[in-house]
Amino acid sequence: MRYVYLTLFLIVVLGVSIFGFRGSLSTRSPLEVFPDMDHQAKYKPQAESAFFADGRADRPLPAGVVAYGRDTDMPAAGFLKADATLFEGKDSKGAWLTGFPSAVTVDPAKLLERGQDRFTIYCAPCHGALGDGNGITKQYGMGATPTFHDDAKRKLANGEIFNVITHGKGNMLSYADKLPAEDRWAVVAYVRALQRAAHANAADVPPGHKSELGIK
Amino acid sequence: MSKLFPKSANKLPLQIIILVFVLGGIATAATTYYATNKYTNVGYAPVQPVPFSHALHAGQLGIDCRYCHVGVDKGPTSTVPTSQTCMNCHNQVKTDSPLLQVVRDSYASGDPVPWVKIHQAPDYVYFNHSVHIARGVSCVECHGRIDEMDVVHQAKPLSMGFCLDCHRAPENFVRDPKLVTKLDWKHPEGVEGQVRDGKKFVHDWNIKPPQSCSGCHR
């Protein structure tokens, strides 16, 4: 009987030495103990496909396609991107918009808060939290990122800033894939706020906040 | 008449019964330890086509998770970034690195970089990233400290029990949605503060994580 238990003990030691412990790193794909319906005959987003020649399950849009069908509560102008003020930053005469499109609700608190949130994620790595061009990437070899606070940038129309975010400029690529049109307008609003703040003086501070900053 | 069995055979039935229990115990322990996601999935760290370091980009540079994983707060999928996202910086930084050749080729050709998916939910699970992000469930709860990983590995089991731990007691996990991508954030007052604020969030934002099957399975 002693030998039975000795053998059993050795088998357990052998098993543990083969299978190892929980959480150890491995490059092998996970073992599926019960694979029932884990893999179904359907595509998930960004999946691989053996059917299409390029191997992509997500199909790129063919040139010139027009969207078909929409939510009933979505205005047609938004759906078909027909609203030039909202999607291109241009007014009816084709000039850069100086204000905001009528489709954007300019609620100072909400728009600026959203703008700050998005700016911090997508713009601040290069442009810096203050918009002075001193983002973290500068230390890692990123080319000269211009400041927002010189006269030329301050004189830009809102629509022009929107256009740069949408299509990129110079070394900056388009951010339209990351920021939907409404978010781009929120970022424009926040850039305007940064520009305003960079050229503010003591008189601009609301009376209630003066003591916090040590201003009389 | 000679003895067919030695005297020690009298003990045999009892010994066999004990052995069966011992074998059963070992089998149960082995299954519990090895046949769940905690063993099969945790620690999966496949070799990726580009040795991208989250520790450098997300940790050291402090780039927000959402800079690359754009879809995470917009829809069900936390999208793997396009190579254009890489090129936002790498058209100027390390432009001749051989490690980035795959990315440059992908950007030029339009074919995606063949990243290997690590965190896999079974096809009958309908997980939605954006609802979790919008209600203050941080990335770190399911993905661990990605910002400290040079090579990403699966850190949490992502089993149904794991999901239910939070769905049954969300106050232990939810935080201000503004802090969801701050992976090193912990409530400054520890567990007590987390539960207190968590309960407030759960009440104020009307968080009712489904525990019925159809909440996640369809």
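Just so it is clear: chains get the letters A, B, ... in the order the sequence lines come, proteins before strands, and each one is counted from 1. Computed from a predicted model, the values in this text were never measured in an experiment.
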Let's test your reading of the structure: which of [options] forms the most heavy-atom pairs below 4.5 Å with chain B?
| options | result |
| --- | --- |
| A/T120, A/D54, A/V12, A/N171 | A/N171 |
| A/K42, A/M172, A/R28 | A/K42 |
| A/G23, A/C126, A/G15, A/A124 | A/G23 |
| A/I11, A/V4, A/V33 | A/V33 |

Tell me yes or no: between the side chains of [X] and [Y], is some donor less than 3.5 Å from an acceptor?
| X | Y | result |
| --- | --- | --- |
| B/D197 | B/H187 | yes |
| B/T85 | B/T82 | yes |
| B/D105 | B/Q101 | yes |
| B/S130 | B/N128 | yes |
| B/D64 | B/T181 | yes |
| A/E32 | A/H39 | yes |

With a 4.5 angstrom heavy-atom cut-off, could you sort out which part of [X] is near chain B: side chain, backbone, both or neither?
| X | value |
| --- | --- |
| A/L8 | side chain |
| A/V16 | both |
| A/F21 | both |
| A/S24 | backbone |
| A/Q46 | side chain |
| A/I136 | side chain |

Chain A interface, residue from [options] that has the most non-hydrogen pairs under 4.5 Å:
| options | value |
| --- | --- |
| B/W115, B/Y34, B/Y67 | B/Y67 |
| B/V42, B/T40, B/V116, B/L23 | B/T40 |
| B/G62, B/A30, B/A45, B/C68 | B/A45 |
| B/N91, B/V80, B/I26, B/D111 | B/V80 |
| B/T77, B/L19, B/V125, B/N88 | B/N88 |

Output, in order, the C-alpha distance, side-chain angles, deciding distance and verdict of ring pair (Phe, Tyr, Trp, His ring centres under 6.0 Å) for B/H90 and B/Y107. CA-CA 11 Å; B/H90 287 292; B/Y107 184 61; over 10 Å; no

Side chains of B/Y44 and A/S26 in contact at under 4.5 Å (non-hydrogen atoms): no

May I ask you to establish whether A/R118 and A/Y190 are in a cation-pi arrangement, using a distance under 6.0 Å from NZ or CZ to the six-membered ring centre and at most 45° from the ring axis? no

Lys/Arg cation over aromatic B/F201: B/R175, 6.0 Å, 45° cone: no

Charged N to carboxylate O below 4.0 Å: is that the case for [X] and [Y]?
| X | Y | value |
| --- | --- | --- |
| A/D58 | A/R56 | no |
| B/D123 | A/K44 | yes |
| B/D165 | B/K156 | no |

For chain B, find its close neighbours in residues 145-167 of chain A: heavy-atom separation under 4.5 Å, sorted by number, or none. none

Applying a heavy-atom distance below 4.5 Å, give me the residues of residues 173-184 of chain A that approach chain B, sorted by number. A/L173, A/S174, A/Y175, A/D177, A/K178, A/P180

Do other residues, nucleotides or ligands put more than 12 heavy atoms under 6.0 Å from A/E48 CD? no

Could you walk me through whether A/R196 and A/D204 pass the salt bridge (charged side-chain N to carboxylate O under 4.0 Å, His left out) check? CA-CA 10 Å; A/R196 178 85 177 81; A/D204 293 320; 3.3 Å; yes

Keeping the roles fixed (side chain from B/S138, backbone from B/V180), state whether a donor-acceptor pair exists under 3.5 Å. yes

Determine yes or no for a side-chain-to-main-chain donor-acceptor pair under 3.5 angstrom, with B/H69 supplying the side chain and B/T79 the backbone. yes

Against chain A, label [X] side chain, backbone, both or neither, depending on which of its atoms sit under 4.5 Å from a heavy atom there.
| X | value |
| --- | --- |
| B/K74 | side chain |
| B/K178 | side chain |
| B/V151 | neither |

Please work out whether the ring planes of B/H217 and B/Y124 are parallel, tilted or perpendicular, with thresholds of 30° and 60°. tilted

